[in-house]
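What's counted below: heavy atoms across the whole structure, side chains too, no hydrogens, waters or symmetry copies.
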Amino acid sequence: MAVSSVQILGTGQLLELSRRLRAASGAPVQRNLARRIRRAAEPLHNDLQSTIRGLHIQSTGRAAGKRGGPSPTTRPMRATLAGAIRISVRTSSNPGARVWVDKGLLPPDLRNMPQTINTGRWRHPVFGNRRKWAQQNATPLWWDRTVQRHSPRMRAEVARVIDDVRRQLT
């Protein structure tokens, strides 16, 4: 599963419902549908953010006698990644909820980091020195496991929302 996007789609049901919404009821019911679908995705969004913020990242450590130093960047990596996790909801074409990482909100050097951290292991130069590399480890598949925990609840909630709106239209 790609780290950058999670989509909950009941494409046939949602597409048919979306067409009926446009034809019959208009904006108020569509806004209600979008709000309820967003609410169904918010627990996943919040859990993904808290998971990345609390993710244990471990380094291989320094060799004996080596000195450390302050980080060359002032931004906290996990908080930056958590801030880039977004929700988008569509009720028109391709309706559904999508939880994704907005790479445009990440600094250029962190654009691939969500996928890299999801593998559980990555290497990077030590303080920008390309002759000296370090390896860091994290809990692998943090994105996938969080999504799997929330998927049944989200699917059930979206199905319930669709049924409620369908009842409103008839």
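- Under the rule for a side chain to side chain contact (heavy atoms under 4.5 Å, CB included), the partners of N137 that lie at least two apart in sequence or sit in another chain are R121, Q135.
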- Item | R86 and V101: CA distance, side-chain angles, deciding distance, side chain to side chain contact (heavy atoms under 4.5 Å, CB included) verdict | CA-CA 6 Å; R86 296 280 184 249; V101 175; over 6 Å; no

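- Looking at heavy atoms from C-beta onward, N46 lies out of side-chain contact with P43 at the 4.5 angstrom threshold.
- Proximity of N129 to K132: side-chain heavy atoms (C-beta onward) are separated by under 4.5 Å at one or more points.
- Looking at residues two or more places apart in sequence or on another chain, you find a side chain to side chain contact (heavy atoms under 4.5 Å, CB included) between A138 and L55, I57, I117, W122.
- When side chains are defined from C-beta on, R38 counts as touching I87, because their heavy atoms get closer than 4.5 Å.
- Placement of M77 and L48 within a single hydrophobic cluster is found when ILVMFWY residues are connected by side-chain heavy-atom separations under 4.5 Å, directly or transitively.
- Separating the CE atom in M154 from the CD1 atom in I37 is a distance of 10.0 Å, to the nearest 0.5 Å.
- The distance from the NE2 atom of H150 to the CZ atom of R155 is 13.0 Å, given to the nearest 0.5 Å.
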- Is there a salt bridge (Lys or Arg N to Asp or Glu O under 4.0 Å) between E157 and R160 once you walk through the steps? CA-CA 5 Å; E157 180 66 24; R160 193 172 62 107; 2.7 Å; yes

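- A salt bridge links D164 to R167: at least one charged side-chain nitrogen sits closer than 4.0 Å to a carboxylate oxygen.
- Closest of all the heavy-atom pairs between L81 and L110 is CD2-O, 4.3 Å.
- Nearest heavy-atom pair across L44 and R153 is N-NH2, 4.0 Å.
- A 4.5 Å side-chain heavy-atom check between H45 and Q49 finds at least one atom pair inside the cut-off.
- The minimum heavy-atom distance linking R145 with T139 is given by the pair NH1-CG2, 4.0 Å.
- Considering every non-hydrogen atom in both G104 and R111, the closest pair reads O-NH2, 4.2 Å.
- Taking the side chain as every heavy atom from C-beta outward, P140 and N118 never approach each other to under 4.5 Å.
- Cluster annotation: L106 and M113 are assigned to the same hydrophobic cluster (Ile/Leu/Val/Met/Phe/Trp/Tyr, side-chain heavy-atom contacts under 4.5 Å, transitive).
- Residue W133 comes nearest to R123 through the heavy atom pair CB-NH2, 3.5 Å, listed as atom of the first residue, atom of the second, then distance.
- Rounding to the nearest 0.5 angstrom, the gap separating the CG atom in L141 from the CD atom in Q148 is 8.5 Å.
- Pairing each heavy atom of P114 with each of W142, the nearest pair is O-NE1, 4.0 Å.
- Between T119 and Q115, every side-chain heavy-atom pair lies at or beyond the 4.5 Å cut-off.
- Within the 4.5 Å cutoff, side-chain heavy atoms of N112 are placed close to those of K103.
- The shortest distance between side-chain heavy atoms of W100 and I85 does not fall below 4.5 Å.
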